[in-house]
Amino acid sequence: MLEVHLPDGSVKKYESPITPAAVAAEIGPGLAKAAVSAVVDGKTVSMDYPLPEEGSISLRLLTKKDPDAIHVMRHSCAHVMARAVMRLYEGVQLAFGPTVEGGFYYDFDLDHALSDEDFPAIEAEMKRIVKEEEPFERLDEPREKALQICRDLGQKYKIEHIEEGLHDQSRLSFYRQGEFLDLCRGPHVPTASHIGAFKLLSVAGAYWKGDQSRKQLQRLYATAFFDKKELEEHLRRIDEAKKRDHRVLGKQLDLFAINPLVGSGLILWLPKGATIRGLLEDFVKGELERRGYERVYTPNIGRVELYEISGHYPYYADSQFAPIVMEQEERYLLRPMNCPHHVMIYKSAPRSYRELPLRLAEFGTVYRYEKSGEVSGMTRVRGFTQDDAHIFCTVDQVADEFRGCLEMTQFVLKSLGLTNYRVRLGFRDPKSDKYVGSPENWERAQQSLVEVCQSLRIDAQPEPGEAAFYGPKADFVVTDAIGREWQLGTVQLDYNLPSQERFGLEYTGADNHPHQPVMIHRAPLGSLERFVGVLIEHFAGAFPLWLAPEQVRVLTVSEKSEEYGRQIEGRLRDAGLRVKGDYRGEKINAKIREAQVGLIPYMFVVGEKDMAGQTVAVRDRIDGDLGPMSFDQAVAKLRQEIADRTVRQTFQGAAGLGERGSNHEY
RNA sequence: GCCGCUGUAGCUCAGUUGGCAGAGCGCGUCCUUGGUAAGGACGAGGUCAUGGGUUCAAGUCCCAUCAGCGGCUCCA
């Protein structure tokens, strides 16, 4: 006998085999019609999923109002898309078709090269399929039978997946809809009638099982919603987010430029972008001073031998600019990392434990030859500046230093209103042998990382296999306007460089014997390029007053007040504000609009009335006209906002189809 | 690096079956002198990414290269 516990607390008892659909039907015809799937003991299943015959279960029926239901429907829509593609093209091999954040995709192997010109035909075929309202039927088969089905279907990727990824499964499920039959864990909606509005978004290449050495498949990205309005709203949000793209705003607001003649992935900081970067650098420099760092400067180039010792060459040779070869086998590398130079500063003198921790900081520019398909705006570039520092300390000091680094990173991000990040703890993969350093050291370091995060109330997720080969790390990861994740700040422990095999670092301990220090690499912003790129999107180009390249614009009502306007502009500049004046023969409305569109935080409107009263009419970019104030009053207001580094507006929410929330593996 | 798409004025884009290179914004000059999101007139601005090919004729068709975009893979 089966006891079914429903969310309202009622209990139903069944003697014979039963499905969620039958339970729904018993509750009422309305629910039976509206239910798209069910949750049994926390697991989402289809309406025809056979419930156990014995015991006690909890059952929740999902309708389209339930937030969990949309993933089920999207996955069913993926099947419909695959079915449409198979109808339209010959020899389609199916791979994986999971849901992702904001939609779903399906990977195909077929001869015809899909392009967005094919989308209307595919969508039309999908509409025909949906209109038929055919059911999705679940088939549960023993392993051998399942293999035979896939062989009969001629679906080689499905066969391979059963033999490899699913080698330990004794039974496998399929879903059938009309002529379409696919190996699939499910769940699905009962019939296609539950599929609402959908749209194909893009086509892309994707390697089978994510492996570059395997065949490249064609991936169709799409999304679906229960109703058309929701779909349109979603597409509108994607459009909005795309307007926040730092590549779009960077051009619009004259922040940075990239020129093919200079080189792909090499950023030209225009005056306005450079102002923002400079202010961030000053901000970080102030923090470094407070936290006991010492500034150093080192060259952007070094002998290849330096990087042979560090292990960066030739290990990463394929992502480095090739060495510069001089006479007599003198070879130099554009530096891909700052650490070897800082190590040499450590080694420039014998060190005592009394000097530790030694914290050496530099805004160090590094060069990496990223693969051609990888470069992207400011977020993935070939030359970038890290707000880098290396801490040399004793093993006992590691936890405190780690804490200091994480605190500083948190403080810096918080100061900018950047709270929408996750912290990823990169730990070693116990199954791999690529790591240097003893397992005990790793264990201890990883443990102390977890403890430090807990004590700082940082919600950090350990991810095995994400460590660098030389030590564990904590990465601050943010999502951009498109939905892609980027690593910003990072704190990394290094057992490699100080070791005897590398630079053989030492300090004299209290026992008068030599000891090996531990190194920590850390960069709270990560790369200035990437960080500013992310900041542009975070603020949608509307930087807080303290970072705004132009903080105030003086607007004259007519040319009669130009002299007074220039006087105000001069006084603002003397007061240390970044100011420009607009004295053109345009109407005040036009000048306001331009400043508004240019995202200038404050406008000082001055006309004859102001001249007479020795005032300025302050207009706030966000709140609008604040009315006339005395010059001193207005400046005091702005200075306060700058001193507080007030963040008044941020923007977030991604447009794209990130991997988060991915499920339904096949 | 791989798959697909794209490249026309400073920017955003249009350009038909191959037949004289276009618009809006911006920019310049002049008129207008105005109080919180676009005043008007005139004008300048192009090796249609680059190199080859097909053709009487190429922005348009084909090939290569470079660059950008969407993904995949990689990321010290």
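Model, not experiment: these values are computed from the prediction. Scope of the values below: all heavy atoms of this structure, side chains included, with no hydrogens, waters or symmetry mates. Protein chains get the first letters and strands the later ones, always in sequence-line order, with residue 1 at the start of each.
A:Asp625 comes within 4.0 angstrom of a base, heavy atoms only. Among the atoms of the strands shown, only primed sugar atoms or phosphate atoms (P, OP1, OP2) are found under 4.0 Å from some heavy atom of A:Tyr470. Using a 4.0 Å heavy-atom criterion, one finds that A:Glu559 contacts the bases of the nucleic acid, with or without backbone contacts as well. Nucleic acid contact for A:Ser264: sugar-phosphate only, since backbone atoms but no base atoms lie under 4.0 Å from a heavy atom of the residue. Counting any heavy atom pair closer than 4.0 Å across all strands shown, A:Glu370 reaches no nucleic acid atom. Residue contacts for A:Arg247: at a heavy-atom cut-off of 4.0 Å it reaches the sugar-phosphate backbone alone, with no base atom in range. Within the nucleic acid shown, A:Ala595 has no heavy atom closer than 4.0 Å to any nucleic acid atom. Among the heavy atoms of the strands lying under 4.0 Å from A:Gln320 is at least one base atom, whether or not backbone atoms are also near.
Considering only side-chain atoms of A:Ser202, the nucleotide from B:G39, B:G70, B:A76 that sits closest is B:G70. Ranking B:G34, B:U36, B:A76 by closeness to the A:Met337 side chain, first place goes to B:A76. Relative to the side chain of A:Val557, the nucleotides B:U36, B:G34, B:G71 differ in distance, and B:G34 lies closest. The A:Ser558 side chain lies nearest to B:U33 when the options are B:A76, B:G71, B:U33. Picking from B:A37, B:G70, B:A76 the nucleotide with the shortest atom distance to the side chain of A:Pro336 gives B:A76. Closest to the side chain of A:Tyr221, out of B:U36, B:G71, B:A76, is B:G71.
Looking at A:Phe427, A:Phe469, A:Tyr435 one by one, the single match for ring-ring contact (aromatic ring centres under 6.0 Å, His included) with A:Trp442 turns out to be A:Tyr435. For the salt bridge (charged side-chain N to carboxylate O under 4.0 Å, His left out) with A:Glu594, the lone residue among A:Arg584, A:Lys587, A:Arg553 that qualifies is A:Arg584.
For B:U33, the OP1/OP2 oxygens have no side-chain nitrogen or oxygen of A:Lys587 closer than 4.0 Å. Proximity of A:Arg484 to the phosphate of B:G70: a side-chain N or O atom is located under 4.0 Å from OP1 or OP2. Within the 4.0 Å cut-off from OP1 or OP2 of B:C74, not a single side-chain nitrogen or oxygen of A:Arg380 is found.
Relative ring orientation between A:Trp208 and A:Phe96 is described as tilted, the plane-to-plane angle lying within the 30° to 60° band. Using the six-membered ring where Trp is involved, A:Tyr106 and A:Phe108 have ring planes that are parallel, under 30° apart on the 30 and 60° scheme.
Annotation: cation-pi geometry satisfied between A:Arg382 and A:Tyr369 (NZ/CZ under 6.0 angstrom from ring centroid, within 45° of ring axis).
The CZ-C1' distance, from A:Phe96 to B:C72, rounds to 15 Å in whole Å. As a whole-Å value, the separation of A:Phe256 CZ from B:G68 P is 12 Å. Atom-to-atom, CG of A:Asp480 to C1' of B:G71 comes out at 13 Å; the value is rounded to the nearest Å. Regarding A:Lys209, its NZ atom lies at a distance of 18 Å from the P atom of B:C72, rounded to whole Å. Here B:C3 presents its C1' atom at 14 Å from CG of A:Asp111, a figure rounded to the nearest Å.
In this model, no side-chain donor or acceptor of A:Tyr207 finds a partner on the base of B:G71 within 3.5 Å. Below the 3.5 angstrom threshold, one finds a donor paired with an acceptor across the side chain of A:Asp610 and the base of B:G35. Scanning atom types as modelled, no donor and acceptor separated by under 3.5 angstrom connect the side chain of A:Gln596 and the base of B:U36. Taking 3.5 Å as the limit, the base of B:C2 and the side chain of A:Gln216 contain a donor-acceptor pair of atoms between them. Below the 3.5 angstrom threshold, one finds no donor paired with an acceptor across the side chain of A:Ser372 and the base of B:A67. Residue A:Lys371 places a side-chain atom within donor-acceptor reach of the base of B:U73, judged by atom type and a 3.5 Å distance cut-off alone.
Between B:C27 and B:A67, the two P atoms lie 32 Å apart (nearest whole Å). Here, B:U29 and B:G71 have their P atoms 44 Å apart, quoted to the whole Å. Only the C1' atoms considered, B:U65 is 27 Å distant from B:U12, to the nearest whole Å.
Comparing A:Arg593 and A:Leu114 by the nucleotide of RNA chain B whose heavy atom lies nearest to each, the residue mapping closer to the 5' end is A:Leu114.
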